[in-house]
Protein chains: 2
Amino acid sequence: MSSQGPKQVLFAQFAVVAKTLGHAHRLELLEQLAQGERSVEVLAQKTGLSIANASQHLQQMRRAGLVASRRDGKFVYYQLADDSVLDVLAALRVVAERSVAEVEQVVRSYFNERDALEAVSREELLQRSRVGAVTVLDVRPEDEFALGHLPGAVNIPLRVLERRLAELDPANEIVAYCRGPYCVLSYEAVAALRARGFKVRRLEDGLPEWRAAGLPVVSGSA
Amino acid sequence: MSSQGPKQVLFAQFAVVAKTLGHAHRLELLEQLAQGERSVEVLAQKTGLSIANASQHLQQMRRAGLVASRRDGKFVYYQLADDSVLDVLAALRVVAERSVAEVEQVVRSYFNERDALEAVSREELLQRSRVGAVTVLDVRPEDEFALGHLPGAVNIPLRVLERRLAELDPANEIVAYCRGPYCVLSYEAVAALRARGFKVRRLEDGLPEWRAAGLPVVSGSA
DNA sequence: CTATCATTCAATGGAATAATTGAATGAGAT
DNA sequence: ATCTCATTCAATTATTCCATTGAATGATAG
C-alpha cells in the first residue's frame with residue numbers, strides 16, 4: 001500500500017478531489033457556494049437536503065480542500081476554498097457537454113437554445129452599461145442578491161417578476177442574469193419578459209463567473 | 001428519481017464524469033492515453049493492472065465520454081475523447097495542488113524543487129531551438145517516443161541514459177521532457193545529467209501539453 | 001474450419017459510500 | 001447555570017463500486 005511511487009500518491013490525491021466532485025448533491029452545494037458564503041442550514045434548505053446530510057457532504061468537501069468553513073456565533077459558514085474550484089467546475093462542464101450527448105439534449109429541451117446563443121458577454125455588458133442604455137436585472141432571490149451582485153443591478157426575483165413589471169423601463173434593453181450557465185432563473189425571466197414585449201437577453205454565465213473574471217461586485221441590498 | 005428539475009439532471013451528468021475521474025487507476029490510464037493511442041494490453045502493462053481490470057476501467061471512461069475506442073484487427077485502441085479532457089485534468093491538478101497540502105509535500109520531497117522552478121517554457125524552447133543551440137531530449141520509452149515527439153528531439157530512454165551519454169553534445173544545453181508535469185523521468189534525467197556535468201533543464205509539462213498547445217508533433221522513430 | 005489471441009462479459013466477494021436516525025457538542029440567550 | 005438552537009458525530013442499513021475469476025466474443029492465422 002505504501003511502497004508506491006510518487007506518481008501513485010499524486011494520482012491518489014487527485015482522485016480524492018475528483019471523487020469528491022463526483023456526486024450531484026455536492027455539485028449543487030458548490031453551485032450555491034459559488035454565489036457566496038452560506039450557512040449549513042441555508043445550504044441544506046436551498047438544495048433540499050437534510051441538515052445532517054448537507055453537513056456531511058460539506059465536511060467531505062472540506063477534507064478534499066474544495067471548501068473552507070468558518071464559525072461565527074452559532075452558525076458555521078462555508079465558502080469555496082479557492083477560485084480554482086470554479087475553474088475545475090467549468091472544465092468539468094465542458095467535458096460533460098462535449099462528450100455526454102444527454103447533457104446537450106437536456107440543455108436544448110429545457111432551455112431555449114436561441115437564448116443561449118444570444119447571450120450577452122461580460123465585455124459587451126460593460127461597454128453598454130457605460131453608455132447607460134441597459135437595465136441589469138438580477139432575478140435571484142433577495143438573500144443571494146444581498147450577498148453580492150453586479151453594480152447597478154436591479155433585483156426582482158423570478159417569483160415576483162410578473163407582479164413587479166412596472167419597475168422595468170420598457171424602453172431600455174434588459175440584461176438578466178442569475179447563478180451561472182445552467183441556472184434556470186434567467187432563462188425563464190427572459191421568456192417571461194419577452195412575452196410581455198420587453199427587449200431582453202441573458203448574460204452569459206452568472207455572478208460567480210463575473211466575480212472570477214475580476215469584475216466589480218456590490219454587496220448589501222438596494 | 002425522474003421527477004427532478006433540469007438542474008438535477010445536469011448535475012447528475014457532471015457527477016458521472018467527475019466520479020469517473022475519481023480513481024487513481026483511471027487517472028493513470030488517462031495519463032498514458034494523453035501520450036497517444038494505446039491498446040488495452042499495453043495500457044494494462046504500463047499501469048500494472050490486469051487486462052480485465054484495465055478493460056473495465058477503460059469502458060467506464062468510455063461510457064462517461066472521456067475516451068474513445070477503435071478496433072483494428074484483434075486489438076482495441078483507446079484514445080482521449082477530446083482535448084477538453086486534458087483541460088479538466090489540468091484544472092484538477094491545480095485544485096489538488098492548492099488545497100491538498102500533502103500533494104505539495106510529495107512534489108517537494110520526490111522532485112527537486114529547483115528543477116521545477118527552472119523549467120523551460122514551451123515558448124522559450126521554441127525560440128532557442130530556432131537558433132539551434134539546444135538539444136531536445138525525450139527520455140520516455142521508445143514506444144511512446146514513436147507515437148509522437150517534439151520535432152528534432154533525441155530519444156534516449158532514462159533506463160539507458162547512462163550508457164548512451166556519448167550521444168549528447170556536452171557543449172549544447174539540453175532540455176529534457178517526458179510525459180507531463182508529474183512524470184518522474186525528466187526529473188531523474190536532469191539529476192543524472194547534471195551529475196555528469198551537462199547543462200540541462202526540464203521542459204515545463206510534457207508532450208501532451210505541448211500537443212494541446214497546438215505545437216508541432218512528429219511521429220515515427222528516428 | 002479450427003486454433004489462437006485480445007478483449008469483453010458475467011458473476012463473485014469484499015470494501016467503500018450514502019442517507020437516516022438520534023445523540024452529543026458548542027455557542028449564545030434567559 | 002440552564003435552555004435553545006445550529007451543527008456535528010456515531011451508528012445503522014442500503015446501495016454502489018472494485019478487483020478477480022473464468023467463460024464468451026470477434027478477429028486473425030494456419
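Only a predicted model underlies this, so the values are computations on that prediction, with no experimental measurement involved. By convention in this document, chain letters (A, B, ...) are assigned in the order of the sequence lines, proteins followed by strands, and residues within each chain are numbered from 1.
- When each of B:P208, B:P141, B:C183, B:C178 is tested with B:Q35 by the rule side chain to side chain contact (heavy atoms under 4.5 Å, CB included), just one qualifies, namely B:P208.
- Distance A:K74 NZ to D:dT7 P: 10 Å, rounded to the nearest Å.
- One interatomic measurement links the two molecules: CD of A:E28 to P of C:dA19, which rounds to 12 Å at whole-angstrom precision.
- Atom-to-atom, CZ of B:R63 to P of C:dT8 comes out at 11 Å; the value is rounded to the nearest Å.
- The side chain of B:V40 has C:dT7 as its nearest neighbour among D:dT7, D:dA19, C:dT7.
- In this structure, CG of B:L29 is placed 11 Å from P of D:dA19, rounded to the nearest angstrom.
- The side chain of B:Q56 has C:dA11 as its nearest neighbour among C:dT8, D:dT7, C:dA11.
- Between A:L168 and A:L193, some side-chain heavy-atom pair lies under the 4.5 Å cut-off.
- Distances shorter than 4.0 Å separate none of the side-chain N or O atoms of A:R71 from OP1 or OP2 on D:dA6.
- Each of A:R122, A:R211, A:R179 was evaluated against A:D205; a single residue qualifies, A:R122, per the salt bridge (Lys or Arg N to Asp or Glu O under 4.0 Å) test.
- The interatomic distance linking A:Q59 (CD) with D:dC9 (C1') rounds to 8 Å, in whole Å.
- Closest-nucleotide positions on DNA chain D for A:A52 and A:K19 were compared, and the one nearer the 5' end corresponds to A:A52.
- Along DNA chain C, the nucleotide nearest A:D72 and the nucleotide nearest A:R26 are compared for position; the residue whose nucleotide lies closer to the 5' end is A:R26.
- Between B:H23 and B:H57, the angle of the ring planes lies from 30° to 60°, which puts this pair in the tilted group.
- Checking the phosphate oxygens (OP1, OP2) of D:dC17, no side-chain nitrogen or oxygen of B:H25 falls inside 4.0 Å.
- One distance of note links CG of A:L49 with CZ of A:R26; it measures 11.0 Å at 0.5 Å rounding.
- For the pair B:H57 and D:dC17, the criterion of a side-chain N or O lying under 4.0 Å from OP1 or OP2 is not met.
- Remark: B:R202 is positioned above the aromatic ring of B:Y187, its terminal NZ or CZ atom under 6.0 angstrom from the ring centre and at most 45 degrees off the axis.
- Rounding to whole angstrom units, CG of residue A:N53 and P of C:dG22 are separated by 16 Å.
- Side-chain N/O atoms of A:S55 include one lying less than 4.0 angstrom from OP1 or OP2 on D:dT8.
- Look at A:H23 and you'll find a side-chain N or O under 4.0 angstrom from OP1 or OP2 of C:dA19.
- Note on A:Y78: a side-chain N or O is less than 4.0 Å away from OP1 or OP2 of D:dT8.
- Whole-Å rounding puts the A:I51 CD1 to C:dA18 P distance at 19 Å.
- One finds a side-chain N or O of A:Q60 lying less than 4.0 angstrom from the OP1 or OP2 phosphate oxygen of C:dA18.
- Remark: B:S50 is not in phosphate contact with D:dA19, judged by side-chain N or O atoms under 4.0 Å from OP1 or OP2.
- Projected onto DNA chain D by closest heavy-atom contact, B:G73 and A:R62 fall at different nucleotides, the more 5' of which corresponds to A:R62.
- Within the nucleic acid shown, A:L49 has no heavy atom closer than 4.0 Å to any nucleic acid atom.
- If you take CZ of B:F75 and P of C:dT8, they are 12 Å apart, rounded to a whole angstrom.
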